[in-house]
Protein chains: 2
Amino acid sequence: MAMAFHTLAASRVRVGPLLPAAAAAPMSSSVAAHRYHHRRRFSAIVAAAPAAAPAAAPAEFDFDSYMTERSETVNRALDAAIPEGEPPAALHEAMRYSLLAGGKRVRPALCLAACGVVGGREEWALAPAAAVEMVHTMSLVHDDLPCMDDDDLRRGKPTCHIVYGEAIAVLTGDALLSQAFHHVANAGSYPPDVDSEKHPARVVRATFELARCIGSEGLVAGQVVDLAMTGASEVVPLERLEYIHLHKTAALLEASVVMGAIIGGGTDEQIERLRKYARSIGLLFQVVDDILDVTKSSEELGKTAGKDLASDKTTYPKLLGLEKSREFAEKLLSDAKEQLAGFDKEKAAPLLHLAYYIAHRQN
Amino acid sequence: MAMAFHTLAASRVRVGPLLPAAAAAPMSSSVAAHRYHHRRRFSAIVAAAPAAAPAAAPAEFDFDSYMTERSETVNRALDAAIPEGEPPAALHEAMRYSLLAGGKRVRPALCLAACGVVGGREEWALAPAAAVEMVHTMSLVHDDLPCMDDDDLRRGKPTCHIVYGEAIAVLTGDALLSQAFHHVANAGSYPPDVDSEKHPARVVRATFELARCIGSEGLVAGQVVDLAMTGASEVVPLERLEYIHLHKTAALLEASVVMGAIIGGGTDEQIERLRKYARSIGLLFQVVDDILDVTKSSEELGKTAGKDLASDKTTYPKLLGLEKSREFAEKLLSDAKEQLAGFDKEKAAPLLHLAYYIAHRQN
C-alpha cells in the first residue's frame, strides 16, 4: 500500500557524495585503521573522508551502500563485544542470539551519521553506536516477556524467552544494558585519534544521555504507560499516545543522535538542533510503525502483524485514521529536514536520508 | 550461635578517630556544604576532616555513628534521586519502595570509605555510592522474580513483584540500573571542589567498573550459574560455588570500593590493593550469608531463612561444614586486613571496621 508521503522519496534529493572516491585525503590516522580487528573496511572508508571534503562532482548519495557498510561495521563491533562460548555460555549465547538477530541498525547509523555531521570521524562514535543497539535489544527482550507484551516472534525469529526461558531473558536484558555502558566507558572502544583532552568529558556527557533515555524519563517510562493503556476500555487521548512514543521510541533515537554529536565534538547549539531532528524522526518512526502494523502482513514485518488492533491498542491510525496519520508523518519528516538545514549539505546527507528511510520503510 | 572468628571482634582494634572533634580544619569548600539540599549534616562532618589530620589522642573509632551518618546521607541522596509522585507515578513508587526499603547501605559505605582512605573527600563519592545501592536493589528486584528465585519477602517486606506485579518489577529493575549510570554521569551529582581537570576521566573509569560488575562478568553471570545450580542433584564443587559468589556478591562490593578509590584520586597501586581487599570481603560477605541462612530465623534475617537448605542449594556450610566455613571466613577477614596495612591507620579505620562488620553481622 503506497504511503501518502511517498512523493517525498529519496530520489528527489541530490547531494554530493559523502565519500568522494577520487578525492580521498590521506587517512588522518593510519593507526586507527589497524588497532581494531574486524574494522579495516570501515576504517578505510570512514577515515578516508577528509574533514573538509574538496568540491566534487554532484552525484547521488548512495544510501543503501552507506547503510550496508555501517550495519556491517556495527555488527562486527557487536559480535566482538559479546564473547562466544565463554562462560557463562548460556548467557552469552542468549545475548548474541538477541543482539545479532539482524535488524536494520538504524540507531547505530544515526549515531555514526550525527558524529559525521558535526565534523567528527564516524569511527569515533562506534562505541556509542554499538551501545544504543544493545539498549534497543534489551528493551525488545524485556518488552517481549510474558509478563509484558507476551510476544513470541521478533525479527522473524522466536523471542529470547521462548528459546532460553524467562529467567535467562530477564538476565540477558540486564547484561545487555550494562554491556552498553561498559562499551561506552571502555577506553579501548575508541580510536587513538580522539581528542585526549576533551574526550573523557564527552564520554561522561554521552553516558548521561544514554542513561537518561532508558529509565523513568525514557524507554521504561514509555513501556509503563503503554502497559497501563493496553486493554483499557477508555479512548486514549493523542497526548498520552505521544507521551508513550516519545519515551518508548523517540528517546533512544534522540540519545543515538545526541551521543554521536557529542562524541563528534559538536557545539551545544549543533547538539540541540540535532536533538530536535531526532525527536521528530523518533515520533515519525513510531507513527510509521503503527501504520505498518495495520497495512502489512506478519511475514512482511518479521513480527506479529495486526497485534495492535487485536490487543485493542490505541495507535495513530486508530485515533487519527490512516490518511491523517500519514499527513502527520509527512509533517514530522519536514520538521526533521528543517533542523538539518544549517549543516553542511554533504555531511548532512546520511541524516537526511535516514529520515527519508524512517518515513518510507516497509518493515 | 557464636561465630568462630568472634575472637577477632572490633573491640580489639583501637585506631585514632577519623574525624577528630577538637581539631577540625576549616571546611575545604563551604560552597559544597550548601549546594546540595539535604546534605548539610554530612557535608559538615565529612568536609571537616582535614586532608592530613593532626595527631589526636587515640580513641575508639565510632563505627556505629559512622555507619548511621553514611546511611542517612545515602538515603537522602537516593530519596532525592527518584522523584515522588511524578509521572510515571507507578514506576517511581515501585522504585522508591524497593530502594528506600531500608537495608544497611554497606556498599555505599564501602564506596565513601574507599574515597576517604586514598585521601579524597568522602562527599566526592556520594554519586557512585548511591549508584551501587541502585544496582544492588535492581539485582534484588530481578532475582526475586517468580521466574528466578521466586521470593516473597525481602528486607522484611513483600517483594516488588508481589506489591506491583511482575511487569513493573522487571521495569523497576531496568530503571534503577539506568538511574545508577545517570547518577554517576550527572555533573550535578558531584560537589564543586572535585578536580575539574581529572574528574571526567575518573568518572569514565568509575562508570567502566560499575558496568563491568553487573553483566556477564558480574552479578548477572553469578545469577545465571546460581540458577543453573539450584535443584541440580549433582554436588557442586567449591570452585563453582566461589565463582557464583565472586560474581553475584563480590563483584559489586569490588566496584563499590574501586569506584570510591578512583573518584577519591587514588593511585593505580592503591586502587588495586583496595580491589583485593574488596574481593576478600565480598567472598566473606557471602560465606557469612550462607552461615546465617542455616543459623538464624526468618524474623532475625528479615528474609526467608533456611531457604538454601529447603531448595537444596549448595552453600559453604553444606560443602565445608559450619566450622570450616567459619575458619574460611576468618581467613578472608585476615586477607582483607592485610591489604589495608599500607594505608594511613586513621583513614583506613572505616574500611577495617566494615570488614569486621561484614564478618560479624547477625543479619
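In what follows, every chain begins at residue 1, and chains take the letters A, B, ... in the order their sequences are listed.
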**Request:** Among B:H142, B:K248, B:H247, find the one that has a side chain to side chain donor-acceptor pair (under 3.5 Å) with B:Q223.
**Result:**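 For B:Q223, the side chain to side chain donor-acceptor pair (under 3.5 Å) check succeeds only for B:K248.
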Check [Y] with [X], please: is the shortest side-chain N to carboxylate O separation under 4.0 Å?
{"X": "B:R107", "Y": "B:E133", "result": "no"}
{"X": "B:D149", "Y": "B:R154", "result": "no"}
{"X": "A:E209", "Y": "A:R212", "result": "yes"}

Chain A heavy atoms under 4.5 Å from [X]: which part of the residue, side chain, backbone, both or neither?
{"X": "B:L145", "value": "side chain"}
{"X": "B:E217", "value": "side chain"}
{"X": "B:I168", "value": "side chain"}
{"X": "B:V224", "value": "both"}

**Prompt:** Going by the angle between their ring planes, with limits at 30° and 60°, are A:F181 and B:F181 parallel, tilted or perpendicular?
**Reply:** parallel
**Prompt:** Which bit of A:V204 comes within less than 4.5 Å of chain B, counting heavy atoms only: side chain, backbone, both or neither?
**Reply:** both
**Request:** Can you tell which part of A:L177 gets under 4.5 Å to a heavy atom of chain B, answering side chain, backbone, both or neither?
**Result:**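 For A:L177, the side chain is the part near chain B, not the backbone.
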Out of [options], return the one with the most heavy atom pairs under 4.5 angstrom to chain B.
{"options": "A:N186, A:L219, A:L210", "value": "A:N186"}
{"options": "A:L171, A:I214, A:T207, A:V135", "value": "A:L171"}
{"options": "A:G215, A:S178, A:A180", "value": "A:S178"}
{"options": "A:V203, A:L91, A:T172", "value": "A:L91"}

**Prompt:** Got a donor-acceptor contact below 3.5 angstrom from the A:S189 side chain to the A:H183 backbone?
**Reply:** yes
**Request:** Sort out for me which of B:C213, B:G222, B:A201, B:C147 touches chain A most, counting heavy-atom pairs under 4.5 Å.
**Result:**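 Result: the option with the highest number of such pairs is B:C147.
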**Item:** Approximate separation, where rounding is to 0.5 Å, of A:Y97 OH and A:E93 CD
**Value:**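 With rounding to 0.5 Å, OH (A:Y97) is 10.0 Å from CD (A:E93).
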**Request:** Drop me the distance from B:D226's CG to B:M148's CE, to the nearest 0.5 angstrom.
**Result:**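 Answer for the CG-CE pair, B:D226 versus B:M148, is 10.5 Å.
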